[in-house]
Colleague: 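Please find one structure pasted underneath; my questions will follow.
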Amino acid sequence: MFRLGARQVARSTGARNYATLREIEMRLKSIKNIEKITNTMKVVASTRLNKAQRAMTASRVFHKSEAEFLENTEPEKNAEEKTLLVVVSSDKGLCGSIHSQISKYARKRIAELNGNADVVAIGDKVRQQLTRTHADSVKLAFNGIGKEAPNFYEVALMVDEIKKLGEYANIEVLYNKFTSGVSFEPSTFNAYTAAAIEAAQGLSKYDLESEDISSTASEFGLANSLLSAMAEGYASEISARRNAMDNASKNAGDMINKYTILYNRSRQAVITNELVDIITGASSLD
Amino acid sequence: MFRQALRQVAKQSTVVRRTYATEAVASDALKLSLALPHQTLYSDSEVEQVNLPSVNGDLGILANHIPIVEQLRPGLLEIISKTGETEQYFVSGGIATVQPGNKLTISAIEAFKPEQIDTHAVKNLIADAQKRAESSDEVVAAEATIELEVLEALSHVAK
C-alpha cells in the first residue's frame, strides 16, 4: 500500500527517471542489508563448525565400541515386524537441502518397507515435511533441540519418550552423515531390541555374567546411536548452512555489482537529461 | 574374465583376514579406548591393566581377557599404563566391552579425576538428595535414590 502510494506521488511530479532511480537505490540498499545478514550467518556457522566437528569426532569414538559389539554379535532384523524410523534433523532452515534430503531418504525407506513403519521426527523441519506425505505414520516429534551439539542427558530423555511408544522389533535411526566440509549423505544406524540381541548368533563370543545385559545393551545402543546421529546431523547442518550462506553472500555481491552499475548509469542519464533541458531552455531565450 | 578372477582373489583375501581378526590375537598388549559422549580420553592406546567398577563387582582386566560385556556402576576406574603409572577416573556409569582381539572399549557417560571433585559440594548434594529420597512422589524419590548411589560412591573416592 505504502509503496504503491509513494510511486503514484512520484509519478504525479512528472519526473519518471527520479522514481526509478530512487527505486534502484532502495533495492540496492536492501540487497546490501541481505548480504550483511548472510555474511554474518556464514561467519557464525564457520565458528560453530569447529566445535560441531569436535563433538562429532568424540561421538564417533563413543559409538565405535557399540558398533563393534553389534558387528561381532550380528543380530538379525525381523523383516515382518513393524519398524520404527527415527529421523534426525533440526528446527532451523537456511541450510540448503539438508532437511529435504533426509525426508526424501525417510520416504524412500518407508516405501521400501511397504508403509509398515512408524516415524519419530526430531526437529520441526523434518516433521513438517513428513507430515505432509505420511501424516499417519508420524507418532512422535521433538523440537527445540539441535541448536547446540547434543548432550547425553537430552538424548536419554528422548530415548525415554521413544520407549514409551511401545516395543518395536526394528529401530532405525536416519541421519545426515558428515562426509566432508562440502558434502553429507543420508545414512542409517540400526538399533536392536533386547530379544534380537539375545537371539544373535555372535553373542556366544562374549562371556556374559549378568542376565539383563542385552536389555542394557539395547537401550544404551539406541541412546548411543541417537547421540551419534545427532552429532553428525548437527555438524552436517552447520557446514551446509555455511555453504548456503556463502553462496547467498556471493549472489548478493553479484547483484550489488549489477545494481550499482545500473544505478550509476541511470543517474548519469538523469543528469544528461536535465542538462539538455537546461541548455535547450537557455538557448530558447536567446 | 579378468575381473571375475580378481573378485575371487579379493574374496579369498577377506576370508583370510577375517580368520586372523577373530582367532589369532595380534598384539600382547591390551588396547584401551575410553570414550565419553563429548570427549575421547583414550583411543586405542596400549595399557597394562584396567580395573573396572562393574555392577557385578570390581573387575581387573589384563591382556588376553575373554570377551565380555559389563555394565558399569558409579565408581573408580583405574588405568595402569605400560610404565606402571596409575590414572584414576570416577565414572558415573556406562558400558565396558572387551572385544575379540584384545581390545577394551569403555563408553562412560561422564568421567572425572578424583582431585577434580569438591568434597564439600558432594556433602551438600548428599544432604539434599537424602531429603528428596523421602519424598512421597515416586519419580522424585527414585531419581534421588539414583543420585544418592552416585554421590555416595563419589564421597568414597573424593579426597
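Residue numbering restarts at 1 for every chain, and letters A, B, ... go by the order of the sequence lines. Worth saying up front: this structure is predicted, and the values here are computed from it rather than measured.
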Colleague: Can you tell which part of B/A108 gets under 4.5 Å to a heavy atom of chain A, answering side chain, backbone, both or neither?
Modeller: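 The backbone, not the side chain.
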Colleague: Can you tell me if B/K82 has over 12 outside heavy atoms packed within less than 6.0 Å of its NZ?
Modeller: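 Atom NZ in B/K82 is packed in, count exceeds 12.
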Colleague: Carefully, step by step, assess B/R73 and B/E149 under the rule salt bridge (Lys or Arg N to Asp or Glu O under 4.0 Å).
Modeller: CA-CA 9 Å; B/R73 70 175 156 76; B/E149 192 191 337; over 6 Å; no
Colleague: Do B/L52 and B/D58 come close enough that some side-chain heavy atom pair is under 4.5 Å?
Modeller: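 No, too far: nothing below the 4.5 Å cut-off.
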Colleague: Side chain, backbone, both or neither: which part of B/I68 has an atom under 4.5 Å from a heavy atom of chain A?
Modeller: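 For B/I68, backbone and side chain are both near chain A.
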Colleague: Is any side-chain heavy atom of A/I110 less than 4.5 Å from a side-chain heavy atom of A/V119?
Modeller: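 They are in side-chain contact.
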Colleague: Could you tell me which portion of A/F69 (side chain, backbone, both or neither) has an atom closer than 4.5 angstrom to a non-hydrogen atom of chain B?
Modeller: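 For A/F69, heavy atoms of backbone and side chain both lie under 4.5 Å from chain B.
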Colleague: Inspect the surroundings of NZ in A/K163 and state if more than 12 heavy atoms from other residues, nucleotides or ligands are less than 6.0 Å away.
Modeller: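 Check passes, neighbour count above 12.
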Colleague: Can we say B/R132 and B/E147 salt-bridge, meaning some charged N sits less than 4.0 Å from an Asp/Glu carboxylate O?
Modeller: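 Judged by the 4.0 Å cut-off on N to carboxylate O distance, B/R132 and B/E147 do form a salt bridge.
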Colleague: By number, which residues in residues 32-43 of chain B have some heavy atom less than 4.5 Å away from chain A?
Modeller: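 Only B/S33, B/A35, B/L36, B/P37, B/H38, B/Q39, B/T40 of residues 32-43 of chain B have a heavy atom under 4.5 Å from chain A.
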Colleague: Testing the 3.5 Å rule here: is there a donor-acceptor pair between the side chains of B/N56 and B/E70?
Modeller: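 B/N56 vs B/E70: donor-acceptor pair found between side chains.
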